[in-house]
Amino acid sequence: RVTFNTLINGFCKAGEAPKAAELLQKMAAEGFEPDVITYNTLISGLCRKGKSQEARRLLDEMVARDCVPDLVTYNSLINVMCKEGKVEEARELFNELTSKGHEPDIYTHNIILHGLCKCGKVDAAAEFIGEMLAKGCVPDRVTYNVLMDRLCREGRLNQAMQLLREMDNKGCHPDYITYNTLIDGLCKKERVQEAEELFGEMDDRGITATVITYNSLIDGLCKVGRVEEATELIDEMFVKGLVPDKVTYNCILTAFCREGNINKATDIIQMMIYNGQNPDAITYGTLINGLCRTGRYESAIKILRAMPMKGMLPDAVAYNPILQGLCMRRRMREAMAIYTEMLEQGVAPD
RNA sequence: CCUUUUUCUUGUUCGC
């Protein structure tokens, strides 16, 4: 049974929920009863793919088979409710937990807190922390990370930085996500120099930078016009054994496209392919925008039409710059033709 | 540490 559970988990992590569900059938066929861990694994896997309906169906199935949902099951469900923006519903389930015989744990609290933060209910979040503390539920790294992320997004960077120091004082030491969150927050506010200082501090403390750390810094450097240095960080990543991903190249690509430097833009795309990272929908969307900014609508449309052949569906973001550019130049006939094409391709306008 | 749940990064949106 552990073997099956492990395999099911593997498929879920690889984003292959259907194969995982198949294994559930096989497992039963071989005479192994799925247990609560099997169901939890599948439910969280489905939740991660946003298939909350299927997840609920599995919950019913597990109950029908006399497999009692545990706190992990409920945490997954509460999480998917939050991800769908149904925080109120999530809180109801949270409140019902006790009557179901489970005390919400630190995971449950962090999930709700994150849900509240993400939909901007800062006051409710603050109140929730109060409840949490009153119950003797001690904030952990994740709690701090969630809070700091929210503070950063609200531009309250100094408060976020204070929390960083508070963590150390309370013996709840920051991890790479803490630093990634702050570095990104600083970069987004164009406080790149402070971000670089934190990057150094991270290194001093022996907290290893990740691809995401570099991506945040690279994006920050690009946004303040330090594209040259951003590009050099790619080399530094390789030196440290980190593999730049699509996001890394997309950040640099955005900078070149904003500059209207289509030559360098195509160079970076070549480099990404050479380094084993295939362009994604964002890469194309970025390039299309760059082409439009430089008036090259025909090229942009060509790229757009080539996307399906690469197995990618253009989205509204890929179409919008073309429409916008044509509209601004009063080329409405062409704009409407593209709009029609968009609808024909089944792309929803936004 | 080693079967399951929470936190971090990239593209579009007029003129002045």
Side-chain angles (χ1 to χ4, degrees), chain A residues 1-10 12-13 20 34-45 47-48 69-80 82-83 104-115 117-118 140-150 152-153 174-185 187-188 210-220 222-223 244-255 257-258 279-290 292-293 300 314-325 327-328 349-350:
Chain A
R1 180 148 67 191
V2 174
T3 315
F4 274 108
N5 286 349
T6 308
L7 289 170
I8 288 174
N9 185 35
C12 287
K13 287 254 150 71
D35 62 3
V36 65
I37 295 185
T38 318
Y39 281 111
N40 286 347
T41 308
L42 272 164
I43 287 174
S44 71
C47 290
R48 214 170 292 137
D70 63 6
L71 188 55
V72 173
T73 321
Y74 289 114
N75 284 346
S76 293
L77 290 168
I78 290 175
N79 188 32
V80 76
C82 289
K83 291 254 149 81
D105 64 0
I106 185 70
Y107 279 77
T108 326
H109 285 91
N110 287 339
I111 290 166
I112 295 278
L113 184 66
H114 182 230
C117 286
K118 220 175 42 159
D140 65 1
R141 266 188 200 96
V142 176
T143 318
Y144 277 101
N145 290 345
V146 169
L147 280 175
M148 289 163 110
D149 183 54
R150 184 64 218 174
C152 286
R153 283 178 208 276
D175 61 3
Y176 67 94
I177 295 187
T178 317
Y179 278 94
N180 286 353
T181 303
L182 290 169
I183 287 172
D184 184 63
C187 284
K188 288 235 157 58
T210 66
V211 173
I212 295 185
T213 322
Y214 275 93
N215 288 348
S216 296
L217 255 185
I218 287 173
D219 190 51
C222 285
K223 297 252 150 83
D245 63 8
K246 298 180 206 292
V247 177
T248 319
Y249 298 103
N250 286 342
C251 290
I252 310 248
L253 175 65
T254 301
C257 285
R258 279 189 194 286
D280 61 7
I282 295 190
T283 314
Y284 287 110
T286 307
L287 181 59
I288 287 170
N289 185 36
C292 290
R293 297 171 82 94
D315 54 10
V317 181
Y319 280 94
N320 285 342
I322 299 179
L323 293 174
Q324 190 215 340
C327 287
M328 298 251 299
D350 65 0

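So that the names make sense, note that chain A is the first sequence line, chain B the second, and so on, each numbered from 1.
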Could you check which of [options] has an atom nearest any side-chain atom of [X]?
{"X": "A/Val317", "options": "B/rU12, B/rC8, B/rU4", "result": "B/rU12"}
{"X": "A/Lys13", "options": "B/rG11, B/rU7, B/rU5", "result": "B/rU5"}
{"X": "A/Asn320", "options": "B/rU9, B/rC8, B/rU12", "result": "B/rU12"}
{"X": "A/Ser76", "options": "B/rU4, B/rU12, B/rU5", "result": "B/rU5"}
{"X": "A/Ser44", "options": "B/rU12, B/rU5, B/rG11", "result": "B/rU5"}
{"X": "A/Ile111", "options": "B/rU7, B/rU5, B/rU9", "result": "B/rU5"}
{"X": "A/His114", "options": "B/rU3, B/rU5, B/rU6", "result": "B/rU6"}

Compute whether any side-chain donor of one residue and acceptor of the other, for A/Asn110 and A/Asn145, lie under 3.5 angstrom apart.
-> no
Side chains of A/Ser216 and A/Asp219: is there a donor and an acceptor less than 3.5 Å apart?
-> no
Calculate the interatomic distance between [X] atom [atom1] and [N] atom [atom2]; express it in whole Å.
{"X": "A/Leu42", "N": "B/rU3", "atom1": "CG", "atom2": "P", "result": "17 Å"}
{"X": "A/Asn9", "N": "B/rU4", "atom1": "CG", "atom2": "C1'", "result": "7 Å"}
{"X": "A/Tyr107", "N": "B/rU5", "atom1": "OH", "atom2": "C1'", "result": "7 Å"}
{"X": "A/Ile106", "N": "B/rU5", "atom1": "CD1", "atom2": "P", "result": "16 Å"}
{"X": "A/Lys188", "N": "B/rG11", "atom1": "NZ", "atom2": "C1'", "result": "13 Å"}
{"X": "A/Arg293", "N": "B/rG11", "atom1": "CZ", "atom2": "P", "result": "12 Å"}
{"X": "A/Leu182", "N": "B/rC8", "atom1": "CG", "atom2": "C1'", "result": "10 Å"}

Just the atom pairs and distances: protein N or O near nucleotides 14-16 of chain B's N or O, under 3.5 Å.
none

Which range-with-range stems can be found for RNA chain B when each stem has 3 or more Watson-Crick or G-U pairs in a row and both distances sit under 3.5 Å?
-> none
Contacts of type ring-ring contact (aromatic ring centres under 6.0 Å, His included), residue [X], not counting sequence neighbours:
{"X": "A/Tyr214", "value": "A/Phe199"}
{"X": "A/His114", "value": "none"}
{"X": "A/Phe4", "value": "A/Phe32"}

All side-chain contact (heavy atoms from CB on, under 4.5 Å) counterparts of A/Asn180, not counting sequence neighbours = A/Tyr176, A/Met202, A/Thr210, A/Ile212, A/Thr213
With sequence neighbours excluded, tell me which residues meet side chain to side chain donor-acceptor pair (under 3.5 Å) with [X].
{"X": "A/Tyr74", "result": "none"}
{"X": "A/Asn289", "result": "none"}
{"X": "A/Ser76", "result": "none"}
{"X": "A/Arg153", "result": "A/Asp149"}

Residues from residues 211-219 of chain A sitting under 4.0 Å of RNA chain B, heavy atoms only?
-> A/Ile212, A/Asn215, A/Ser216, A/Asp219
Check salt bridge (charged side-chain N to carboxylate O under 4.0 Å, His left out) between A/Asp175 and all other residues, then give those that pass, not counting sequence neighbours.
-> none
Qualifying residue, where the test is side chain to side chain contact (heavy atoms under 4.5 Å, CB included) with A/Thr41 and the options are A/Leu7, A/Asn9, A/Thr6 = A/Asn9
